[in-house]
Undergrad: 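The following block contains the structure, expressed as structure tokens.
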Amino acid sequence: MQKILVANRGEIALRVMRSAREMGIKTVAVYSAADRDALHVRYADEAVFIGEAPSNQSYLVGDKIIDACKQTGAEGIHPGYGFLSENANFARQVREAGLILIGPSPEAMEVMGNKLSAKAAALKYNIPMVPGTEEAITDIAEAKLRAVEVGFPILIKAAAGGGGKGMRIVESPEDFVEQMDLAVSEATSAFGDGSVFIERYVSSPRHIEIQVLGDTHGNIVHLFERDCSVQRRHQKVVEEAPSSVLTPEIREAMGKCAVDVARSVNYTGAGTVEFIMDEQLNFYFLEMNTRLQVEHPVTELITGIDLVKEQIRIARGEAISFKQEDLKINGHAMELRVYAEDPANNFLPDIGTLQTYVTPKGPGVRVDDGFEQGMEIPIYYDPMIAKLITFGKDRTEAIERMIRAIDEYTITGITTTLPFGKFVMQHEAFTSGQFDTHFVKNYFTPESLDTGTEEEAMIAALVMERLLGTTKISLAESPATGVSNWVKNRS
């Protein structure tokens, strides 16, 4: 492959293009009407317009992506994450067009794209599973009996789902039928598939995932774990590698299980095997994500492996460039997803213009972003602005650098999750490592945030601009309304 098209936008498109450029590979960007002036469009060697701003008219239209490849002579497609990255039909379409998808086979995507078929594949290798049903629920009365056997509380989950959609916690048998109906309805609406199953509810879970790579030569390796337990609405906000609770023995066992899960579908490329862990450090298979993850930088920092380059090499038919025994954990890495969201208002998305945008720098700081000062945060896509990643010789240094980096990160014009990230880094439950996926529910309130006044924020921004020679703004340009721009534009 001498030229690849990146079928995505924002920071992940830039991330892929930079690795490709280092490998001497030309890149093609695709863009919607909302992204005409985006950084990934300017960075790529070529760019192709693919439609209006809504993703179902642009980034989700497989025919337009393939046509863009034909126009530019791109031989391969890197899907990034989100959009079409786990769409088996698109993967098959790419193959039929004679192009190379930098990712797994459509067959692997199909199996792992459904939680029930993924569990069935993993069971061949005796991977630990949360007690529950192994098939979709069809008979409600029978399912209720099974739920009683498993023991309440139980969790109803959408087989085709993710992100907390189609998921319901049921505390008692009396609530089962009502919650089942709600879960099926939500799953049908979100995924077009109302299939659900039940599992025992793990009350204080850690979310631990293992990065894997597989090639076409039969080699599969794992690159250790990431702890993704700090979440809001069942979606990750803070990730770190390695986990603060895994012992070397548990790490080895989880790594072996992850490799076996990948082997069950002859997996090629980069993927992530996700586990849930209880208070006794028992772990259970959840699902496999058949793509590069948002949080992949923390794995890159502790292993020294460029995962995007490995993806491209594997797609070209090359073997993985290292063996399992070559890998070791070096240091500790943290990642904060910097969202255009208001943590004080239930993490409601915000939109507007980045009136000031100054990123942190210095030892152990990495920022993966796709924006610059003066750009607008569009309403059409995920509200993530950037990923702020820090690296240190140990967990304490990684946390200290994250706090320093958050303080240096200057954003005005929109509300972000930066203050929430600082709250997490300074909270005793997080610094001690004694936290779970209920961190936000257990510890966070809007009053927890130390955001200062709007005027203080603007003064800080002006000082940073004066020091760095960036564009000046006035206090009047960002009045302290206390109301999310998203709210104002939607009301």
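Sequential numbering from 1 along the given sequence is applied to the chain's residues.
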Undergrad: What residues, two or more places apart in sequence or in another chain, satisfy ring-ring contact (aromatic ring centres under 6.0 Å, His included) together with Phe430?
TA: Phe435

Undergrad: Let me check something: any side-chain donor-acceptor pairs from residues 252-260 under 3.5 Å, sequence neighbours excluded? List them with distances.
TA:
residue	atom	partner	partner atom	Å
Lys256	NZ	Asp260	OD2	3.0

Undergrad: Any idea how Tyr201 and His438 line up, ring-wise: parallel (<30°), tilted (30 to 60°), or perpendicular (>60°)?
TA: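 Ring orientation of Tyr201 relative to His438: tilted.
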
Undergrad: The test is side-chain hydrogen bond (donor to acceptor under 3.5 Å, both in side chains); show your working for His78 and Gln311 and say whether it passes.
TA: CA-CA 9 Å; His78 194 302; Gln311 284 185 296; 2.8 Å; yes

Undergrad: Is the number of heavy atoms from other residues, nucleotides or ligands within 6.0 Å of CD (Glu149) greater than 12?
TA: yes

Undergrad: Could you go through residues 275-285 and list every donor-acceptor pair under 3.5 Å that involves a side-chain atom there, pairing it with any protein atom two or more places apart or in another chain?
TA:
residue	atom	partner	partner atom	Å
Asp278	OD1	Gln280	N	2.9
Asp278	OD1	Leu281	N	3.1
Asp278	OD1	Asn282	N	2.9
Asp278	OD1	Asn282	ND2	3.4
Asp278	OD2	Asn282	ND2	3.1

Undergrad: Let me see the working for Ser321 and Glu310 under side-chain hydrogen bond (donor to acceptor under 3.5 Å, both in side chains), right down to the final yes or no.
TA: CA-CA 7 Å; Ser321 65; Glu310 289 298 324; 2.5 Å; yes

Undergrad: Checking Asp215 now: which residues fulfil salt bridge (Lys or Arg N to Asp or Glu O under 4.0 Å) with it, not counting sequence neighbours?
TA: none

Undergrad: side-chain hydrogen bond (donor to acceptor under 3.5 Å, both in side chains), that's the test. Do Glu174 and Ser172 meet it? Break it down for me.
TA: CA-CA 5 Å; Glu174 293 74 26; Ser172 66; 3.1 Å; yes

Undergrad: Keeping to residues at least two apart or across chains, list the side chain to side chain donor-acceptor pair (under 3.5 Å) pairs with something in residues 182-196.
TA: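 Only Arg168-Glu186, Asp193-Ser195 qualify under side chain to side chain donor-acceptor pair (under 3.5 Å).
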
Undergrad: Mark yes when over 12 heavy atoms from residues, nucleotides or ligands other than Glu107 sit less than 6.0 Å from its CD; otherwise mark no.
TA: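 It does: Glu107 CD has more than 12 such atoms within range.
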
Undergrad: Show the nearest heavy-atom pair for residues Ile406 and Gly421, with the distance to one decimal.
TA: CD1-C, 3.7 Å

Undergrad: For Glu372, look at atom CD and say whether over 12 heavy atoms of other residues, nucleotides or ligands are found less than 6.0 Å away.
TA: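 Check passes, neighbour count above 12.
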
Undergrad: Quick one: closest heavy-atom pair of Val196 and Ala158, and the distance?
TA: CG1-CA, 4.0 Å

Undergrad: Salt bridge (charged side-chain N to carboxylate O under 4.0 Å, His left out) for Glu335 and Arg366? Distances and angles first, verdict last.
TA: CA-CA 9 Å; Glu335 177 177 298; Arg366 167 176 166 178; over 6 Å; no

Undergrad: Compare all side-chain heavy atoms of Lys236 with those of Val230 and state whether any distance is below 4.5 angstrom.
TA: no

Undergrad: Check whether NZ of the Lys or CZ of the Arg Arg18 lies under 6.0 Å from the centre of the six-membered ring of Tyr43 and within 45 degrees of that ring's axis.
TA: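 Yes.
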
Undergrad: Does any non-hydrogen side-chain atom of Glu135 lie less than 4.5 Å from one of Lys119?
TA: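 SC-SC contact between Lys119 and Glu135 ruled out.
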
Undergrad: What residues, two or more places apart in sequence or in another chain, satisfy side chain to side chain contact (heavy atoms under 4.5 Å, CB included) together with Ala7?
TA: Leu5, Ile65, Ile77

Undergrad: Using side chain to side chain contact (heavy atoms under 4.5 Å, CB included) as the criterion, list what pairs up with Arg200, not counting sequence neighbours.
TA: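 By the side chain to side chain contact (heavy atoms under 4.5 Å, CB included) rule, Arg200 matches Val130, Pro131, Val150.
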
Undergrad: Can you name the residues that form a ring-ring contact (aromatic ring centres under 6.0 Å, His included) with Phe152, not counting sequence neighbours?
TA: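 For Phe152 there are no ring-ring contact (aromatic ring centres under 6.0 Å, His included) partners, ignoring immediate neighbours.
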
Undergrad: One pair to check against salt bridge (charged side-chain N to carboxylate O under 4.0 Å, His left out): Glu397 and Arg401. What are the steps and the verdict?
TA: CA-CA 6 Å; Glu397 185 171 68; Arg401 282 183 168 161; 3.7 Å; yes

Undergrad: What pairs with Ala29 under side chain to side chain contact (heavy atoms under 4.5 Å, CB included), at least two apart in sequence or on another chain?
TA: Met17, His40, Ala44, Ala47

Undergrad: Go through the structure and list residues passing ring-ring contact (aromatic ring centres under 6.0 Å, His included) with Phe420, not counting sequence neighbours.
TA: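 Testing Phe420 for ring-ring contact (aromatic ring centres under 6.0 Å, His included), a comparison that skips the adjacent residues, returns Phe347, Phe444.
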
Undergrad: List the steps and the verdict of salt bridge (charged side-chain N to carboxylate O under 4.0 Å, His left out) for Glu240 and Arg395.
TA: CA-CA 9 Å; Glu240 63 179 303; Arg395 189 169 188 264; 2.7 Å; yes

Undergrad: For Tyr357 versus Asp369, what's the shortest heavy-atom pair and its separation?
TA: OH-OD2, 2.7 Å

Undergrad: Looking only at non-hydrogen atoms, find the nearest pair between Ser19 and Arg15 and report the distance.
TA: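 Closest heavy-atom pair between Ser19 and Arg15: OG-NH1, 2.6 Å.
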
Undergrad: Using 0.5 Å steps for rounding, measure from the OH atom of Tyr409 to the CG atom of Leu336.
TA: 9.0 Å

Undergrad: Any side-chain heavy atom of Pro419 within less than 4.5 Å of one from Thr416?
TA: yes

Undergrad: For Tyr267, enumerate each residue passing the ring-ring contact (aromatic ring centres under 6.0 Å, His included) test, keeping only those at least two apart in sequence or located in another chain.
TA: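 Result, ring-ring contact (aromatic ring centres under 6.0 Å, His included) vs Tyr267: none returned.
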
Undergrad: Assess Arg232 against Phe439: is NZ or CZ under 6.0 Å from the centre of the six-membered ring, and within 45 degrees of the ring's axis?
TA: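 Not flagged: Arg232 not positioned over aromatic ring of Phe439.
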
Undergrad: Heavy atoms only: give me the nearest Ile198-Ala143 pair and the separation to one decimal.
TA: CD1-O, 3.8 Å

Undergrad: Salt bridge (charged side-chain N to carboxylate O under 4.0 Å, His left out), that's the test. Do Arg316 and Glu318 meet it? Break it down for me.
TA: CA-CA 6 Å; Arg316 293 197 301 203; Glu318 300 174 27; 3.1 Å; yes

Undergrad: Taking it one step at a time, do Arg233 and Gln231 satisfy side-chain hydrogen bond (donor to acceptor under 3.5 Å, both in side chains)?
TA: CA-CA 7 Å; Arg233 297 192 296 273; Gln231 306 177 358; over 6 Å; no

Undergrad: Any side-chain heavy atom of Ile312 sitting closer than 4.5 Å to one from Met1?
TA: yes

Undergrad: Show the atom names and distances, to 0.1 Å, of all donor-acceptor pairs under 3.5 Å that link a side chain in residues 220-229 to residues at least two apart or in another chain.
TA:
residue	atom	partner	partner atom	Å
His222	ND1	Phe224	N	3.2
His222	NE2	Gln324	NE2	3.4
Glu225	OE1	Arg251	NE	2.8
Glu225	OE2	Ser243	N	2.8
Glu225	OE2	Arg251	NE	3.3
Glu225	OE2	Arg251	NH2	2.9
Arg226	NE	Glu209	OE2	2.7
Arg226	NH1	Gln211	OE1	2.9
Arg226	NH1	Thr299	OG1	2.8
Arg226	NH2	Glu209	OE2	3.1
Arg226	NH2	Gln211	OE1	3.3
Arg226	NH2	Thr272	OG1	3.0
Asp227	OD1	Ser229	N	3.2
Asp227	OD1	Ser229	OG	2.6
Asp227	OD2	Arg206	NE	3.1
Asp227	OD2	Arg206	NH2	2.7
Asp227	OD2	Ser243	OG	3.2
Ser229	OG	His207	N	2.9

Undergrad: Is any side-chain heavy atom of Glu428 less than 4.5 Å from a side-chain heavy atom of Gln434?
TA: no

Undergrad: Which heavy atom in Val338 sits nearest to a heavy atom in Thr417, and how many Å separate them?
TA: CA-OG1, 3.5 Å

Undergrad: Using a 4.5 Å cut-off on heavy atoms from C-beta on, say whether the side chain of Pro363 contacts that of Arg404.
TA: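 Result yes, sub-4.5 Å side-chain heavy-atom pair found.
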
